[in-house]
Amino acid sequence: MNNKLWTSLLAAAGVMLSGASFNAAAQGYWTGPANSVWKNSVGQCWRAGYWTPAMATAECDPDLVPKPAAKPVPPPPPPPVKPAPAPAPKPAPAKPKPVAAKVTLAADVLFDFDKAVLKPDGKSKLDDLAAKVKDINLEVVIAIGHTDSIGSDAYNQKLSVRRAESVKAYLVSKGVEPNRIYTEGKGEKQPVASNKTKDGRQKNRRVEIEIIGTRKN
C-alpha cells in the first residue's frame with residue numbers, strides 16, 4: 001500500500017473517531033454517549049487500564065461486587081412460659097368433735113335429807129365436773145333436780161328447783177359462765193325406780209347434769 005492510500009485511511013479513521021465521544025469514567029469502564037458502558041460483541045464491558053476489582057459494577061462484573069450482608073435470622077421465640085401450678089388446696093380444718101356427757105349424782109351425796117345446801121362430798125364431785133368443763137368449748141350445762149314422792153308435789157317441785165340452782169351456783173363459783181347453765185326442777189314427776197321402797201326412793205332423789213360442747217384443739 002502506498003503512502004497516499006495509508007494517509008487516506010488514517011484520515012478517514014480520524015473522522016470516524018471524531019464523530020464519537022468516549023472516555024474512561026471514574027468507575028473504570030469505557031463509556032460512550034449518555035455514559036453507557038461500551039461492550040464487545042459478547043457483552044463484556046471494556047475496562048480502562050486503571051480498572052481494579054474495587055471498581056467492579058453489578059452490570060459488568062456482578063461476581064466481583066460484594067454481596068449485601070444477609071439479614072440476621074431472628075432467634076426463635078422463647079417457648080411459652082408455663083403457668084405455675086396452682087397450689088394444692090389446704091385441707092379443711094378438722095371439725096371439733098362434739099362432746100355430750102350426762103352425769104347423774106345421787107342427791108344424798110350432794111345434799112342432806114330435805115336440804116339444798118351442798119355437802120363437802122357433793123362439792124368434790126362438782127369440782128371434778130368443773131375441771132372437765134374447762135377442757136371443752138362449752139355450749140351448755142343442763143342441771144335437772146328430782147325428788148322422791150315423800151311430801152307434797154308442790155314442795156318436792158320447789159326442792160328440786162333449789163337443788164338444781166345450788167349446783168349452778170357452785171359451778172359458777174368454779175368459773176363456768178352462768179349464761180351457759182340451764183336449770184330445771186322435775187320434782188317427783190320422773191322417777192327412775194319405785195317410791196314404795198327405801199332403795200327406790202334413794203335412786204329417785206338425784207340431780208342429772210348434762211354437758212354439751214366440743215373438744216378444744
Point to revise | Expected output: side-chain Asn204 to main-chain Thr147 donor-acceptor under 3.5 Å | key: no

Review point. Is there a donor-acceptor pair under 3.5 Å between the side chain of Asp108 and the backbone N or O of Phe113?
Key: no

**Study point:** Polar side-chain atom of Lys189 near backbone of Gln157 as donor-acceptor pair, under 3.5 Å
**Key:** no

**Study point:** Close side-chain approach of Glu59 and Val37, heavy atoms under 4.5 Å
**Key:** yes

Point to revise | Pair Val167-Leu126, side chain to side chain contact (heavy atoms under 4.5 Å, CB included): steps then yes or no | key: CA-CA 8 Å; Val167 169; Leu126 294 178; 4.0 Å; yes

**Study point:** Phe111 side chain near Arg205 side chain, heavy-atom distance below 4.5 Å
**Key:** no

Exercise for review: Taking the side chain as every heavy atom from C-beta outward, state whether Glu188 and Asp153 have any pair of such atoms under 4.5 Å apart.
Suggested key: yes

Review point. Looking only at heavy atoms, what is the nearest atom pair of Ser160 and His146, with distance?
Key: CB-N, 4.0 Å

Check your understanding: Would you find a donor on one side and an acceptor on the other, under 3.5 Å apart, between the side chain of Glu139 and the backbone of Thr214?
Key -> no

Check your understanding: Would you find a donor on one side and an acceptor on the other, under 3.5 Å apart, between the side chain of Arg201 and the backbone of Asn195?
Key -> yes

Practice item. Would you indicate whether Lys119, at its atom NZ, is surrounded by more than 12 heavy atoms from other residues, nucleotides or ligands within a distance under 6.0 Å? Key: yes

Exercise for review: For the pair Lys174 and Asp127, evaluate side chain to side chain contact (heavy atoms under 4.5 Å, CB included) and give the outcome as yes or no after the intermediate values.
Suggested key: CA-CA 8 Å; Lys174 293 300 179 179; Asp127 287 340; 3.1 Å; yes

Exercise for review: Kindly indicate whether the side chain of Leu129, heavy atoms from C-beta on, has any atom under 4.5 Å from the side chain of Tyr170.
Suggested key: no

**Study point:** CA sep, side-chain torsions, deciding dist, call: Arg162, Leu159, side chain to side chain contact (heavy atoms under 4.5 Å, CB included)
**Key:** CA-CA 5 Å; Arg162 292 201 311 271; Leu159 178 61; 3.3 Å; yes

**Study point:** Minimal non-hydrogen separation, Tyr29 against Cys45, with atom names
**Key:** CD2-CB, 3.6 Å

Point to revise | Donor-acceptor pair, side chain of Asn156 and main chain of Asp148, under 3.5 angstrom | key: yes

Point to revise | Salt bridge present between Lys125 and Asp121 (N-O < 4.0 angstrom) | key: no

Check your understanding: Between Arg163 (side chain) and Lys115 (backbone), is there a donor-acceptor pair under 3.5 Å?
Key -> yes

